[in-house]
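First the proteins, then the strands, lettered A, B, ... as listed; each starts at 1.
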2 protein chains.
Amino acid sequence: MTAGYELEDKVLLAVDCIIFGFDNGDLKVLLVKRDFEPEKGKWSLIGGFLKKTETLDDAARRILHTLTGMHDIYMEQLYTWSEVERDPAERTISTSFYAIIDIKQHDKELIEHHNAKWFSLSNAPKLIFDHDQMLNKAIMRLRRRTSISPIGFGLLPEKFTMKQLQKLYEAILDRKVDKRNFINKIKSMDILVKLDEKDMSSSTKGSYLFMFDQEKYDAKQTKDFYLKIS
Amino acid sequence: MTAGYELEDKVLLAVDCIIFGFDNGDLKVLLVKRDFEPEKGKWSLIGGFLKKTETLDDAARRILHTLTGMHDIYMEQLYTWSEVERDPAERTISTSFYAIIDIKQHDKELIEHHNAKWFSLSNAPKLIFDHDQMLNKAIMRLRRRTSISPIGFGLLPEKFTMKQLQKLYEAILDRKVDKRNFINKIKSMDILVKLDEKDMSSSTKGSYLFMFDQEKYDAKQTKDFYLKIS
DNA sequence: GACTAAAAGTGTAATTTTAACATTTATTAT
DNA sequence: ATAATAAATGTTAAAATTACACTTTTAGTC
């Protein structure tokens with residue numbers, strides 16, 4: 001019993017990771033300076049090649065860890081890119097993944113040691129190959145996803161204010177939202193716990209801190225519920 | 001200037017097509033009996049391998065044509081599957097594509113000559129490898145897509161009745177929808193033209209035929225408008 | 001030619017959701 | 001005591017969604 005696969009072409013399969021970071025109301029993307037040919041020295045997404053012994057998700061995690069030191073980042077598969085000439089050096093197909101993380105929660109030094117750098121979306125450099133397209137598609141997906149189901153876990157400190165949460169949504173959606181409508185919408189979702197504690201750092205009055213209620217959140221996740229921000 | 005790719009693993013990259021067909025109120029999927037090892041003789045999605053000289057979309061079109069005789073089918077990329085052991089014969093990654101077509105508009109003989117066969121979703125056989133997962137994911141995507149933006153072109157005869165259109169939505173969403181609400185919703189979308197002609201085949205009264213208004217449809221497509229069926 | 005049968009066609013009212021909008025409250029620092 | 005600063009809060013109008021049932025048309029039959 002031989003498989004009839006002998007005559008088929010084999011190709012390089014790459015993985016590219018689009019890591020969005022949220023910091024201080026600003027949405028950024030993590031890029032690396034490429035240290036091998038072709039396009040050595042240019043900025044690119046965080047990428048590498050799939051090994052035979054791992055899944056694409058494994059590869060994405062390994063590559064992200066190798067190039068930035070980050071780990072335990074949940075990434076979601078986005079799209080597989082296969083233009084014949086996308087990498088001029090050799091026929092390479094690439095599957096892109098994306099994630100969004102809280103920049104503050106990840107060790108800046110680790111990232112910088114690995115000559116990766118955060119860029120605001122508005123002034124990211126031109127990227128190699130089709131990486132600009134990948135980035136664009138990821139932004140679109142992130143926005144759509146954000147208006148469909150709640151994000152948040154892992155993107156904010158464990159305890160956060162409503163304002164911080166609102167800023168996060170505003171950064172992703174790239175527009176202002178009405179404070180009262182936003183708070184009402186979030187409340188109606190019933191996935192947050194209001195704490196007795198206040199954050200005093202930004203006003204004399206102080207603002208209440210909230211936490212996600214993991215259990216309630218998970219319960220709703222399954223029913224893929226819908227969040228639309230006015 | 002040598003590319004630093006020499007040491008990387010190369011893999012087989014497959015394409016699998018999930019072709020949904022709509023016929024007579026029933027949603028079906030097109031499957032083929034596999035004629036090579038492994039799993040020879042079992043039912044599978046319409047699949048084959050990417051060649052070095054083509055994109056994934058090219059490969060999907062070529063494979064679909066080879067196995068079924070169909071052409072000019074627009075397929076959308078769904079997901080790339082990479083479990084290490086998904087194909088026991090050799091390390092193979094597969095990108096799945098899906099499409100939905102009007103069965104009547106495609107030549108049955110051609111399809112049957114190629115030992116492909118339509119199965120109702122409710123009694124499709126068990127498929128090889130991870131093809132059941134692929135099919136499931138495609139169904140989910142199709143449903144979600146259907147409630148987000150209008151489908152229809154190419155899925156119905158050029159002229160069709162409201163009932164046919166409703167049946168199409170019901171087949172995809174797998175539930176009944178209210179006739180009056182459905183018609184109102186569709187009318188409010190303003191992408192159909194009512195003809196003076198009636199279809200007399202299903203009642204003494206006859207029911208008016210409609211056509212899609214391609215121009216209006218295209219205009220709305222760009223603004224990715226939203227259709228939600230009650 | 002009246003009646004029956006079968007599917008097509010049609011509208012309204014109640015409810016829910018969304019969107020727009022401005023003032024009061026709490027606290028620290030002066 | 002006052003001023004300054006950001007936090008907290010509720011209402012109303014408009015739009016969208018849902019639930020729901022009777023009338024119309026016409027071919028066929030008695």
Atom pairs, protein N/O to nucleotides 15-17 of chain C N/O, distance under 3.5 Å:
none

Straight-line distance of B/D26 CG to B/L121 CG, nearest 0.5 Å: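 Reported value, rounded in 0.5 Å steps: 7.5 Å.
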
Atom pair CZ/CD1 of B/R34 and B/I46 - distance to nearest 0.5 Å: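 The CZ atom of B/R34 sits 13.0 Å away from the CD1 atom of B/I46.
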
B/T80 side chain to A/T80 side chain, donor-acceptor N/O pair below 3.5 angstrom: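 The answer is yes; a qualifying pair exists.
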
Check: B/D199/B/T161 side-chain N/O donor and acceptor closer than 3.5 Å: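 No pair is found: no donor N or O on one side chain lies under 3.5 Å from an acceptor on the other.
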
Parallel, tilted or perpendicular: rings of B/F160 and B/F212 (30°, 60°):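 Aromatic pair B/F212/B/F160 classed tilted.
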
Minimum-distance nucleotide to A/S207 side chain [options: D/dT9, D/dA7, C/dT10]: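 Taking heavy atoms from C-beta onward, the closest nucleotide is D/dA7.
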
What integer distance in Å separates [X]:[atom1] from [N]:[atom2]?
X	N	atom1	atom2	value
B/Y208	D/dT25	OH	P	9 Å
B/D199	D/dT25	CG	C1'	15 Å
A/D178	C/dA20	CG	P	8 Å
B/K194	C/dT10	NZ	P	5 Å
B/R180	D/dT18	CZ	C1'	11 Å
B/K163	C/dT10	NZ	C1'	16 Å
A/N181	D/dG10	CG	P	14 Å
B/F182	D/dT18	CZ	C1'	16 Å

Below 4.0 Å: OP1/OP2 of D/dA8 and any side-chain N or O of A/K179: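 The answer is no; no side-chain N or O of A/K179 sits under 4.0 Å from OP1 or OP2.
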
Locate the shortest heavy-atom distance separating [X] from [Y]; write the atom from each residue and the value.
X	Y	answer
B/Q77	A/Y79	OE1-CZ, 3.3 Å
B/D23	B/K28	OD2-NZ, 4.4 Å
A/F22	A/D102	O-OD1, 3.4 Å

Name the pairs: protein N/O against N/O of nucleotides 26-30 of chain D, kept only if under 3.5 Å.
from   : atom 1 : to     : atom 2 : distance (Å)
D/dT26 : O2     : B/T204 : OG1    : 2.8

Positive for side-chain contact (heavy atoms from CB on, under 4.5 Å) with B/Y98, one of B/V29, B/I139, B/I18, B/I19: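 Of the listed residues B/V29, B/I139, B/I18, B/I19, the side-chain contact (heavy atoms from CB on, under 4.5 Å) partner of B/Y98 is B/I18.
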
